[in-house]
Enquirer: 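Here it is, the structure in full.
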There are 2 protein chains.
Amino acid sequence: MIKIQQNTLYGEAAARIRDMINEGLLLPGTRIPEKRLCEQFGISRTPLREALKVLASEGMVELLPNRGARVMRLTRQMLEETYSVMGALEGLSGELACRHITEEEIADIQALHYQMMAYYKRKEIRPYFEFNQRIHDAIMLASRNEVLRETHSSLNHRIQRVRYSTSMTDEYWKQAVADHEAMIDCLLDRDGERLGNILREHLRHKLVVAAASGVIDDDLAASS
Amino acid sequence: MIKIQQNTLYGEAAARIRDMINEGLLLPGTRIPEKRLCEQFGISRTPLREALKVLASEGMVELLPNRGARVMRLTRQMLEETYSVMGALEGLSGELACRHITEEEIADIQALHYQMMAYYKRKEIRPYFEFNQRIHDAIMLASRNEVLRETHSSLNHRIQRVRYSTSMTDEYWKQAVADHEAMIDCLLDRDGERLGNILREHLRHKLVVAAASGVIDDDLAASS
DNA sequence: TTTGGCTGTTTTGTATTCATAATTCACTTT
DNA sequence: AAAGTGAATTATGAATACAAAACAGCCAAA
């Protein structure tokens with residue numbers, strides 16, 4: 001969305017706050033401590049407040065007039081809604097990718113897949129997810145739709161704090177790997193409809209695991 | 001995205017700038033004149049700059065460090081990409097709406113449809129589009145997915161400046177009306193899959209008309 | 001005539017200050 | 001002990017000031 005913001009203080013501050021939220025240093029539902037963050041970052045309140053506007057647009061925080069900003073809770077409902085939307089977006093990315101992808105890009109995705117599989121075999125979950133994400137990024141890039149990529153990325157920021165590793169089952173992991181192999185097949189066949197369906201289904205599986213992880217607030221608690 | 005911002009200066013400023021862009025008072029590709037807008041709105045630069053961050057997140061303006069903000073051009077490519085994504089989102093809204101919609105909501109959509117048809121018969125295009133939009137909003141609301149609604153709305157802001165009326169054909173209009181009647185049927189039948197398809201196809205038709213309207217920049221011109 | 005350098009002006013990004021709203025604390029009343 | 005009130009403190013939103021970057025204009029040199 002925002003182009004070329006990396007060398008502005010507000011952009012830097014937004015990124016750092018986003019990281020702090022994702023790493024659990026700023027907990028869901030809690031107030032953003034403007035003064036403390038300014039001291040911590042060594043900047044004035046102006047760029048920090050601008051950063052909060054950016055983060056609010058991303059759905060990372062909510063702005064409450066005269067009461068400051070609060071970290072958005074990740075409720076089960078919001079998670080389901082977000083995954084549903086992302087499913088539609090990723091489905092579209094799969095369809096478009098099969099239309100536009102090059103042989104080189106397919107080969108690169110295959111290479112990433114083999115690297116990911118190596119980590120799967122070694123049960124190293126953190127790098128597994130890293131390569132998993134890179135594969136999805138590559139498919140999204142192959143869609144040749146920048147609006148799609150940015151929209152998806154914006155939603156992805158919100159769920160970055162979900163810790164799948166705490167609720168991974170062997171069954172899910174096996175299914176995820178099978179999904180990925182089917183994705184490769186679809187890319188090779190340029191079967192966009194099937195890839196779209198697999199990506200949507202893949203995200204549904206992921207939602208089940210995400211919903212079982214520890215950062216999800218009960219809906220009743222969230223409305224209090 | 002941003003909750004409860006209607007009574008803040010930055011929120012008000014963002015809305016007014018958005019309107020000015022959509023009404024052609026701030027033209028695509030042009031610099032946002034901060035100083036002049038501050039004088040015009042009677043506010044200081046702080047909330048105005050905050051407003052620009054919000055608008056950048058929406059894709060209405062682009063922020064160029066040390067060079068200020070510029071109204072986003074609406075290129076053919078961006079339009080196609082945006083419609084493609086919105087098609088996926090509206091398709092999903094149709095599927096979800098058929099799952100959740102109440103009889104009262106269907107009746108309300110039918111009433112809106114009749115009102116819209118009256119304007120169609122009288123060839124009053126402006127109110128036709130107003131009711132058209134209300135029908136789509138009602139379907140989106142019936143999806144019961146707030147993330148979907150907000151994501152779609154954010155994208156919709158970007159294309160608000162498209163003036164369909166300048167390139168409307170009788171053929172398109174007839175097709176659009178037929179699409180709408182089919183939508184009602186699907187809602188009555190709760191046929192989500194078919195509604196999703198109609199909504200996607202409906203947007204494809206709309207893209208053809210949008211692409212023929214006068215605010216679209218040639219891609220080559222946009223990169224200069 | 002064109003190009004490059006310099007200077008002055010304007011714009012941009014950020015820091016600081018000011019005014020207002022909200023919260024907290026202490027004291028009094030019930 | 002609980003509730004209410006008022007004052008003090010803190011936080012928030014916006015205005016203003018400051019420093020740096022960018023731009024425009026002018027003049028001299030090639």
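Numbered from 1 within each chain, the chains take letters A, B, ... in sequence-line order. Worth knowing before you read on, the calculation uses all heavy atoms, side chains too, and leaves out hydrogens, waters and symmetry mates.
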Enquirer: Less than 4.0 Å between a side-chain N and a carboxylate O, is that true for Glu50(B) and Lys53(B)?
Expert: no
Enquirer: How long is the line joining CD of Glu62(A) and P of dT12(D), in whole Å?
Expert: 14 Å
Enquirer: Rounded to whole angstrom units, what separation is found between the CG atom of Leu37(B) and the P atom of dT10(C)?
Expert: 18 Å
Enquirer: Using residues 86-104 of chain A as the side-chain source, report each donor-acceptor pair under 3.5 Å to any protein atom, sequence neighbours left out, with the distance given to one decimal.
Expert:
from	atom 1	to	atom 2	distance (Å)
Glu90(A)	OE2	His152(A)	NE2	2.8
Ser93(A)	OG	Glu90(A)	O	2.7
Thr102(A)	OG1	Glu105(A)	N	3.1
Thr102(A)	OG1	Glu105(A)	OE1	3.1
Glu103(A)	OE2	Arg190(A)	NH2	3.3

Enquirer: Can you give the donor-acceptor pairs under 3.5 Å from side chains of residues 24-38 of chain A to other protein atoms, not counting sequence neighbours?
Expert:
from	atom 1	to	atom 2	distance (Å)
Thr30(A)	OG1	Leu27(A)	N	3.4
Thr30(A)	OG1	Leu27(A)	O	2.4
Glu34(A)	OE1	Arg45(A)	NE	3.0
Glu34(A)	OE1	Arg45(A)	NH2	3.3
Glu34(A)	OE2	Arg49(A)	NH1	3.0

Enquirer: Do the ring planes of His202(B) and His136(B) sit parallel (below 30°), tilted (30 to 60°) or perpendicular (above 60°)?
Expert: parallel
Enquirer: Could you grab the distance from atom CZ of Arg70(A) to atom CE of Met72(A), nearest 0.5 Å is fine?
Expert: 9.0 Å
Enquirer: I need the CD-C1' distance between Glu39(B) and dA15(D), as an integer number of Å.
Expert: 15 Å
Enquirer: Just the rounded figure in Å: distance from C1' of dA11(D) to CZ of Arg36(A).
Expert: 14 Å
Enquirer: Do any N or O atoms from the side chain of Ser143(B) and from the backbone of Met140(B) form a donor-acceptor pair under 3.5 angstrom?
Expert: yes
Enquirer: Reading nucleotides 19-24 of chain C 5' to 3', which nucleotides get B (base under 4.0 Å from a protein heavy atom), which S (sugar-phosphate only), which -?
Expert: --SSS-
Enquirer: According to side chain to side chain contact (heavy atoms under 4.5 Å, CB included), who are the partners of Tyr172(B), at least two apart in sequence or on a separate chain?
Expert: Met168(B), Thr169(B), Ala176(B), His205(B), Lys206(B), Val209(B)
Enquirer: Considering residues at least two apart in sequence or located in another chain, which fulfil the side chain to side chain contact (heavy atoms under 4.5 Å, CB included) criterion with Leu141(B)?
Expert: Arg149(B)
Enquirer: Using a strict heavy-atom distance below 4.0 Å, which residues from residues 40-49 of chain A are in contact with DNA chain D?
Expert: Arg45(A), Arg49(A)
Enquirer: How long is the line joining CG of Leu64(B) and P of dC23(D), in whole Å?
Expert: 10 Å
Enquirer: CG of Leu52(B) versus P of dT14(C): gap in Å, rounded?
Expert: 13 Å
Enquirer: Can you check the Lys35(A) NZ to dA15(C) C1' distance for me, whole Å?
Expert: 16 Å
Enquirer: Without decimals, in angstroms, what is the distance between Glu50(B) CD and dT14(C) P?
Expert: 12 Å
